[in-house]
Amino acid sequence: MTDKLSLTAHYTKQKRRVLYRALSSMLSAVPAMLLSTVVIADVTTKIGYLAQEIDTGPVLSNILPEPEDAGLRGVHLAINDSNTTGKFLKQSFVLDAFSDENAELIIERAQHMYNQGIHSFVVNLPASTLNTLSQSLPNDVLILNAGAKDDQLRQTNCPKNTLHTIPSRAMLTDALGQWLKARRLTDLLLITGPTDDDQAYTAAIKRAANRYGLKIVAEKAWDFDTDLRRTAQREMPLFTQTKEYDVVVVADERGDFGEYVLYNTWYPRPVVGTQGLSPVTWHRVVEQWGAAQLQKRFEKLTGRWMGEKDYAAWAAVRTIAEAVTRTNSEDVQLLKSYIASDAFELAGFKGRKLNFRSWNGQLRQPIALIHPRSLVSQSPQEGFLHPVSELDTLGFDKPESQCRLMEHF
């Protein structure tokens, strides 16, 4: 009987301890709940969108041109999405958009926007204009690059106060290189177009080839001004006649000739790169992880498919909106601090939470490998590991970059 009474007393004491801890936890949460109720107030965030219209000249193929409003429509959707969720928290988002061919006018408009109280910018600009913009604005701004893929912006030439939601060429070609290595397609024929962008893509391909143990058995430069729509079947096999290769890699960002390489090579081999199997930021064929909902909202708003620049611009606005939601503030310094912290996560419809690299401001994200009607794969490929995040196997890791953005962010 004594043992039973002792046991009962023991359990009674344990119950009291559990109840005390529960009450203490509830009471400690009350001030926080009251505080969160008190601090909620109307927050209006102004966002500037800047785009430079670039004339790339006539294209010698039947490719579908990039929409003139590429990027801007992604911003429109993100503003709508942010206002839909923000109204419950008394948060609203206002857009001021401007585009022009003249870089000087764009910089002047950016300074005018800043004087009007806009300190957060989403930009679709060439690297040179982006650098000028970054230098011309004060430090209390946040710039999100949704257009320039240039590798030097993430490696050597690091614009201040700038994050990148569009992947670099190195990220795209690393995604392709991992897939080629995983499929043991290691011998490459590389064909490069004449533009500076083509040369930049080729440099990224060579970096990926060296990184993943791929061999470029032959390299050819496309320097013709031929319209291939009627002659590709005759000319392309002779042009691609060389040492035997496993795959043809094409660097033709504008689309002058790359579409005609497929099925016209000397050896019947797959074509990858800017045409064929391509690594992309975003494409209509991406439908997993809730992406189909995003695609439908975009198509309903615009009447067309969501492209790479649309997605990058959407992600840029959603980055700002996520920071506003979490901090309940439009103060740009507070937003920058939150975005740079480990707490920041962006739901990007890519199968995992996205965040920014501390050294160069690049948004970590998986890269889709697609052909025009289907998703083939997604990188990082299985087996490519990293001590911090396997997403950092794509593009410039910290030891490879001279940028130290977040240290002065």
Side-chain angles (χ1 to χ4, degrees), residues 145 148-156 158 163-188 190 200-216 246-247 249 251 270 272-274 277-283 286 288-289 291 308 311-312 315 319 340 342 344-370 375-406:
N145 166 35
K149 299 177 181 179
D150 304 65
D151 287 338
Q152 69 266 26
L153 294 175
R154 288 83 165 172
Q155 187 186 25
T156 55
C158 317
L163 304 175
H164 310 277
T165 54
I166 197 161
S168 64
R169 289 189 179 92
M171 288 179 67
L172 299 174
T173 55
D174 278 349
L176 180 60
Q178 287 186 12
W179 185 85
L180 291 172
K181 185 67 174 180
R183 291 303 182 96
R184 300 182 181 179
L185 300 172
T186 57
D187 291 345
L188 317 180
L190 177 59
Y201 195 91
T202 291
I205 285 289
K206 290 180 176 179
R207 172 186 172 275
N210 182 64
R211 192 174 197 180
Y212 298 114
L214 310 176
K215 181 181 179 182
I216 299 174
D246 296 325
V247 65
V249 183
V272 302
T274 52
L277 179 72
S278 300
V280 296
T281 312
W282 191 256
H283 194 275
V286 179
Q288 294 176 286
W289 312 293
E308 291 189 279
Y311 177 83
T319 293
D342 293 336
F344 177 81
E345 291 182 339
L346 176 66
F349 300 98
K350 287 196 169 189
R352 62 180 73 196
K353 298 291 186 180
L354 312 181
N355 57 17
F356 291 89
R357 291 173 180 158
S358 61
W359 52 95
N360 60 9
Q362 175 65 59
L363 182 67
R364 293 183 174 97
Q365 55 187 298
I367 300 297
L369 296 164
I370 61 98
L375 174 67
V376 176
S377 184
Q378 180 171 268
S379 290
Q381 297 291 309
E382 185 176 355
F384 289 86
L385 306 178
H386 189 276
V388 177
S389 169
E390 63 269 27
L391 292 175
D392 286 340
T393 63
L394 305 176
F396 296 105
D397 203 356
K398 189 172 184 178
E400 300 174 287
S401 175
Q402 298 176 22
C403 299
R404 293 296 178 266
L405 177 70
M406 297 300 191

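Side chains included, hydrogens not; waters and symmetry mates left out as well; all remaining heavy atoms used.
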Would Y311 and H283 count as a side-chain contact (heavy atoms from CB on, under 4.5 Å) if you check the C-alpha gap in whole Å, the side-chain angles of each, and the deciding distance to 0.1 Å? CA-CA 9 Å; Y311 177 83; H283 194 275; over 6 Å; no
Looking at S401 and R154, would you say the former's side chain and the latter's main chain have a donor-acceptor pair under 3.5 Å? yes
What pairs with K149 under salt bridge (Lys or Arg N to Asp or Glu O under 4.0 Å), at least two apart in sequence or on another chain? E308
Taking atom OG of S358 and atom CG of L405, what is their separation to the nearest 0.5 Å? 9.0 Å
Any sub-3.5 Å donor-acceptor pair from D151's side-chain atoms to A170's backbone N or O? yes
Give me the one residue out of L277, D246, L188 that meets side chain to side chain contact (heavy atoms under 4.5 Å, CB included) with L180. L188
dist I166:CD1 -> Q365:CD (nearest 0.5 Å) comes out at 8.5 Å
Do S168 and Q362 have a side chain donor and acceptor closer than 3.5 Å? no
Using the side chain to side chain contact (heavy atoms under 4.5 Å, CB included) criterion, which residues pair with S377? Sequence neighbours excluded. W179, L369, Q381
With sequence neighbours excluded, residues passing side-chain hydrogen bond (donor to acceptor under 3.5 Å, both in side chains) with N360: none
Can you spot which of L153, D150, L363 makes a side chain to side chain contact (heavy atoms under 4.5 Å, CB included) with H164? L153
Between the CZ atom in R364 and the NZ atom in K353, the distance rounded to the nearest 0.5 Å is 16.0 Å
D187 side, atom CG; L214 side, atom CG - distance, nearest 0.5 Å: 9.0 Å
Not counting sequence neighbours, which residues clear side chain to side chain contact (heavy atoms under 4.5 Å, CB included) with Q155? List them please. F396
Side chain to side chain contact (heavy atoms under 4.5 Å, CB included) against A200, all qualifying residues, sequence neighbours excluded: R169
Should the ring pair F384 and Y212 be called parallel, tilted or perpendicular, given that the plane angle runs from 0 to 90° and is split at 30 and 60? perpendicular
Between atom CD1 of I216 and atom OG1 of T186, what is the distance when rounded to the nearest 0.5 Å? 12.0 Å
With sequence neighbours excluded, what pairs up with D397 under the side chain to side chain contact (heavy atoms under 4.5 Å, CB included) test? W359, H386, D392, P399, E400
One should read off an interatomic distance between E345 CD and N355 CG, to the nearest 0.5 angstrom, of 7.0 Å
Any salt bridge between D174 and R207, counting N to O under 4.0 Å? yes
